[in-house]
Amino acid sequence: MDNKFTSFSFKNRLKSMFSVDFRRLFISPIYYILIGISFVIPILVLVMTTLMVGTTSTDPVTGEITVMEPIFTNAWQIIGSLPSNTTEMTLDIATMCNIDMMYFMIAVFVCLFVSEEYRCGYCKNLFTVRGNKIDYVISKTITCFVAGGTILLSFLIGSLI
């Protein structure tokens, strides 16, 4: 009986880390919640901004009548970032409620996904048993890239509907 410790190759270690990370990703409820939110946000933004189109408001001091104009004229404007052709900062709904807010959602997801491993002690076990930190970083980067892509894809599908 020969007891030998075998070292795994980089490919095998990375494959093992990918399988663990993707399994954790696809059973994580926060992932599906964020996909649902990113699907619903463009629908709500487009519906809520078009509800007020055509209504008028009168300024009581000057008597000036303003008519609400559409913020988004087509669905593609919610997908892309609006170009700023002025040097002043404008804080209106058109500059905040587009695909740019999904980047913040993805950043929150990455923080929650990685911090969960440190909270429950899984990371201590992972570095002891499985692999080194390079494998961990590569695996997390690719896993979170795939998760971010699916969140952006969900936003795209929601805005096209």
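The chain is numbered in sequence order, starting from 1. Everything quoted here is computed from the prediction, not taken from an experiment.
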Testing the basics here: between Val114 and Tyr136, what is the closest heavy-atom pair and its distance to 0.1 Å?
CG1-OH, 3.7 Å
State the CG-CD1 distance between Leu160 and Ile43, to the nearest 0.5 angstrom.
10.0 Å
Mind checking whether Val20 and Phe145 sit in one hydrophobic cluster, side chains of I, L, V, M, F, W, Y counted as touching below 4.5 Å?
no
Phe113 vs Phe109 aromatic rings, parallel, tilted or perpendicular, using cut-offs 30° and 60°?
parallel
Atom CG of Leu44 with >12 non-hydrogen neighbours under 6.0 angstrom
yes
Looking at Thr141 and Val137, what are the two nearest heavy atoms and their distance?
OG1-O, 2.7 Å
Does Ser139 use its side chain to pair, donor to acceptor, with the backbone of Asp135 at less than 3.5 Å?
no
Which heavy atom of Ser159 sits nearest a heavy atom of Pro42, and at what distance?
N-CG, 3.5 Å
Can you find a heavy atom in the side chain of Ile41 that is under 4.5 Å from one in the side chain of Met102?
yes
Within a strict 4.5 Å, meaning less than it, do heavy atoms of the Asp21 and Ile142 side chains meet?
no
Phe18 vs Leu14 side-chain heavy atoms within contact, under 4.5 Å:
yes
Results of ring pair (Phe, Tyr, Trp, His ring centres under 6.0 Å) for Phe39 - residues two or more places apart only
none
Treat each ILVMFWY residue as a node, draw an edge where side-chain heavy atoms are under 4.5 Å apart, and state whether Leu46 and Ile161 are in one component.
yes
Contacts table for residues 24-36: side-chain donor-acceptor under 3.5 angstrom, sequence neighbours left out:
residue: Arg24; atom: NH1; partner: Glu117; partner atom: OE2; Å: 2.4
residue: Tyr31; atom: OH; partner: Thr150; partner atom: OG1; Å: 2.8
residue: Tyr32; atom: OH; partner: Phe26; partner atom: O; Å: 2.8

